[in-house]
Asks: 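The structure is given below, and queries will be raised subsequently.
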Amino acid sequence: MEKINNITLLDKNFELLISEEEINSKITELARDISKDYTNSSNPPIIIGVMNGSLLFLSDLIRKLTINVELATIRISSYVGTTAGVIRELSDLGINISGRDIIIVDDIVDTGNSMDYLINRLSSESPASIRTCALFIKPSKFTKKFTIDYTAFQIDDKFIVGYGLDYNQLGRNLSQIYTLIE
Ligand code: IMP
Ligand code: MG
């Protein structure tokens, strides 16, 4: 496949930051860690993917797991354009998570608001445990106290798109990660 290094979405230009190969090998490591940690669990963990951003990551990650898992998704929205906004819950979980081990999977932890909201929201349904997994974290923006149990890339405070992450809903289908050219 031809590698594209620069792309345009609406009014903004982006350049390649992380290749498909790098993403793939990091996800292989993450899947190995998660599989190892839950291999002796009596019940399969429930993976809860945060839509829409985690869609590509989620689908690649779960296929590399060597344990049984259940799958659910939740839809929230927190971004308008490139600026963080208020969190809105757009869909219900639709399953009972009481007494179960939960792994929340999101694309990126930026300020941590979304993940913090989800941890509190899901805790109220009495799961046995909650762990968090995010492909990317932006440490300089993180304002919360929770632990990110599984992560692959720490990135600077830059806006990125691709591999599920969007700019005004565009760019999610790109198979590599691109960063905004300011
Ligand atoms: P937080 O609530 O500030 O941690 O932001 C988390 C959510 O905002 C993520 O799940 C993404 O959907 C979105 N987000 C954060 N940073 C970026 C970015 O650089 N590009 C695209 N979406 C982002
Ligand atoms: Mg998101």
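Positions are given from 1, in the same order as the sequence printed here. Just so you know, ligand 1 is whichever comes first in the structure, and atom 1 is the first atom listed for that ligand.
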Asks: Determine, considering heavy atoms only, which of Lys138, Lys144, Arg172 sits nearest to atom 17 (C) of ligand 1.
Replies: Lys138
Asks: Give the numbers and elements of all ligand 1 atoms closer than 4.0 Å to a heavy atom of Asp106.
Replies: 10 (O)
Asks: Under a 3.5 Å cutoff, is there a donor and acceptor pairing between the side chains of Thr28 and Lys64?
Replies: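 Present: a donor and an acceptor within the cut-off.
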Asks: Taking both backbone and side-chain atoms of Phe159, is any N or O found less than 3.5 Å from an N or O belonging to ligand 1?
Replies: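 No, no N or O pair falls under 3.5 Å.
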Asks: Flag the pair Ile76 / Ser114 as yes when at least one side-chain heavy-atom distance between them is below 4.5 Å, and no otherwise.
Replies: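 When only atoms from C-beta onward are counted, Ser114 and Ile76 do touch, with a gap below 4.5 Å.
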Asks: Determine, using the 4.5 Å side-chain heavy-atom cutoff (strictly less than), whether Leu165 and Leu30 are members of one ILVMFWY cluster.
Replies: yes
Asks: Using distance alone, with no hydrogens and no angle criterion, decide if Tyr167 and Asp11 have a side-chain donor and acceptor under 3.5 Å apart.
Replies: yes
Asks: Heavy atoms only: which of Gly164, Gly162, Gly112, Gly171 is nearest to atom 4 (O) of ligand 1?
Replies: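 Checking each option, the heavy atom nearest atom 4 (O) of ligand 1 is found in Gly112.
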Asks: Could you tell me whether the side chain of Lys144 reaches within less than 4.5 Å of the side chain of Asn113, counting heavy atoms only?
Replies: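 Side-chain contact under 4.5 Å: yes.
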Asks: Quick one: does Lys158 get within less than 4.0 Å of ligand 1, heavy atoms only?
Replies: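 Yes, Lys158 has a heavy atom closer than 4.0 Å to ligand 1.
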Asks: With atoms numbered from 1 as shown, which atoms in ligand 1 lie under 4.0 angstrom from a non-hydrogen atom of Asp166?
Replies: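 Answer for ligand 1: 21 (C).
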Asks: Counting only heavy atoms closer than 4.0 Å, does ligand 1 sit against the backbone of Leu165, its side chain, both, or neither?
Replies: side chain
Asks: With the threshold set at under 4.0 angstrom, would you say Gly53 reaches ligand 1 through any of its heavy atoms?
Replies: no
Asks: Out of curiosity, is Met115 lining ligand 1, as in a heavy atom under 4.0 Å away?
Replies: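 No, Met115 has no heavy atoms under 4.0 Å from ligand 1.
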Asks: side-chain hydrogen bond (donor to acceptor under 3.5 Å, both in side chains) for Asn5 and Tyr178? Distances and angles first, verdict last.
Replies: CA-CA 8 Å; Asn5 289 321; Tyr178 297 82; over 6 Å; no
Asks: Please check if the number of heavy atoms outside Asp157 that lie under 6.0 Å from its CG is greater than 12.
Replies: yes
Asks: Relative to the heavy atoms of Ser114, which atoms of ligand 1 are at a distance of less than 4.0 Å?
Replies: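 Near Ser114, meaning under 4.0 Å from one of its heavy atoms, ligand 1 has 1 (P), 2 (O), 5 (O), 6 (C), 7 (C).
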Asks: Output, in order, the C-alpha distance, side-chain angles, deciding distance and verdict of side-chain hydrogen bond (donor to acceptor under 3.5 Å, both in side chains) for Asp106 and Ser54.
Replies: CA-CA 5 Å; Asp106 206 352; Ser54 78; 5.1 Å; no
Asks: Please determine whether any non-hydrogen atom of Asp107 lies less than 4.0 Å from an atom of ligand 1.
Replies: yes
